[in-house]
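In what follows, chains carry the letters A, B, and so on, assigned in the order in which the sequence lines appear, proteins first and then strands, with residues in each chain numbered from 1.
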Amino acid sequence: MPGFVLLVRPRGDGDDTPGVGFTVSKKVGNAVARNRMKRRLRALARAAIPDRGIGGADHVLIGRPGGNDIVFAELAEQLDSALARAAKKVAR
RNA sequence: CCAGAGGGCCGGGCGAUCGCCGCCGCGCGCAAGCGUGGGGGAGGAAAGUCCGGGCUCCACGGAAACCACGGUGCCGGAUAACGUCCGGCGGCCCUCGCAAGGGGGUCAGGGAAAGUGCCACAGAGAGCAGACCGCCCAAGGCCUCGGCCCGGCGAAAGGUGAAAGGGUGCGGUAAGAGCGCACCGCGCGGACGGUAACGGACGCGGCAUGGCAAACCCCACCGGGAGCAAGGUUGAAUAGGGACGGCAGGGGAGCAAUCCCAGGACUGGUUCCGGUCCCGCCGUCCGGGUUGACUGCUUGAGCGUUCGGGCAACCGCACGCCUAGAGGAAUGAUCGCCCAUCCUCCGCAAGGAGGUGGACAGAACCCGGCUUACAGGCCCUCUGGCAUU
RNA sequence: UGCCCCGUCGUCUAAUGGUAAGACUACGGAUUCUGAUUCCGUCUAUCGAGGUUCGAAUCCUCGCGGGGCAU
């Protein structure tokens, strides 16, 4: 069970820089748990998106319950594989 | 050394990089802001909201008291206060000891001879105690000499129950019974000790007063209400209110007089009808008030150290320190070393190597408690076991 | 932030401090050629932990969960 869901949508406005957004609902926990998840997701995105993100597209990371129990390296792998699959779909 | 019980303390440390939220400088900029430097940034429970306060507003008022409602409940002390804490007393339980006595735990621990109420089932009887059956047995009667009948002083034994109106032993008696005696328990008085709760030498009394007040209640004491979303200052756009001044006098039809349709204020009389006046725009001023901004907002029953007082809770003197104050609201991520945890391998062992990986939880005006959650570690006291001296 | 209320079978409701009751559901059986209906039977619960009491679903305390109200 991955710790998040990744949505990717090309903007198509000619700008090549990627955009990133985060969504963590109340299902995840109280405000502290939600903020912690947002901070961890932000750290993930900062490491991966500039290299492996899709240029000119908006990325939305949706936090899921239990995501705070997954170690950071595993989340990073999940983000890499999700980005790779998204890149294939965008290319088609 | 191991195990158990009780209590107290800590709640990973150091460094690096990249980030987040306030604050203070400097530079640029009209400003928004941008760049740069410095410094600060969660807890023992920040939680539950179960109690107690500070603070603020409201209400009442000479000060308070009474009623209702709610709470507290051995005594003394601590404290701003408490349902909290400390010390003592008493009851109960556990344990050591032959005993005297010691140690530990625990208690919502005022009043049941002020009144009311309840005590299911079982049982003869459950509150004015013991109807009835059965039991024990003297006198009297019958008689086959073993029993039967009559009678009921008496309440031991059996049986029921959570509880049956003192217990054990001896005497006594026909059999019994505090009927008498000894010890224990209980009640009353009480020298004396203690601030008090209470303890209690000694004396008197044959025993009276079952339990439940976390049932109503009685007694004593405490509590006015609401809460920082309290409260205060300021106050945009739009709409609306009041005063003054100026221009004008609702809408429709009609050239017009006039007619029709409305609304508001005042006013006359019975639900209805009538009378008078007004309705718009502009300007100036005043007041209310929403989104918002600022404040309250962190120096406080604060923290640390030394000394002193006290058995202790705690208190006092001196010195030092400043330690988040933001809007639904920031304190994170990664890496290295160390400290604990667990796993595997090597080794008789001490130890070594590799890997793993850190509980419960997250400030929202602030304090004092209680309760609940919690990986792991440290310390103290008591008890038991094993080993050694 | 503050205040109030409620937790009983799978569901909806009962129960003066004294054996936890009923309806629906589920399951099994009977009736029927089969199914429905009907009849009979069975299973299943006091939110948790302490305390008061001889005895607690009921009384008290703490905790857990749910709902509502004010602003």
For [N], the Watson-Crick or wobble partner whose two distances fall under 3.5 Å:
{"N": "C/G48", "answer": "C/C62"}
{"N": "B/U334", "answer": "B/A16"}
{"N": "C/G35", "answer": "none"}
{"N": "B/C204", "answer": "B/G187"}
{"N": "C/G2", "answer": "C/C69"}
{"N": "B/C142", "answer": "B/G147"}
{"N": "B/C181", "answer": "B/G169"}
{"N": "B/U84", "answer": "B/A78"}

Atom [atom1] of [X] to atom [atom2] of [N]: distance rounded to whole Å?
{"X": "A/Arg40", "N": "B/A333", "atom1": "CZ", "atom2": "C1'", "value": "8 Å"}
{"X": "A/Leu44", "N": "B/U334", "atom1": "CG", "atom2": "P", "value": "9 Å"}
{"X": "A/Leu75", "N": "B/U334", "atom1": "CG", "atom2": "P", "value": "9 Å"}

State the syn/anti category of [N] according to its glycosidic angle, syn meaning within 90° of 0.
{"N": "B/A42", "value": "syn"}
{"N": "B/G77", "value": "anti"}
{"N": "B/G101", "value": "anti"}

Checklist entry - Passes side chain to side chain contact (heavy atoms under 4.5 Å, CB included), A/Leu61 versus A/Leu79? Steps please. => result CA-CA 9 Å; A/Leu61 287 165; A/Leu79 180 58; 4.1 Å; yes
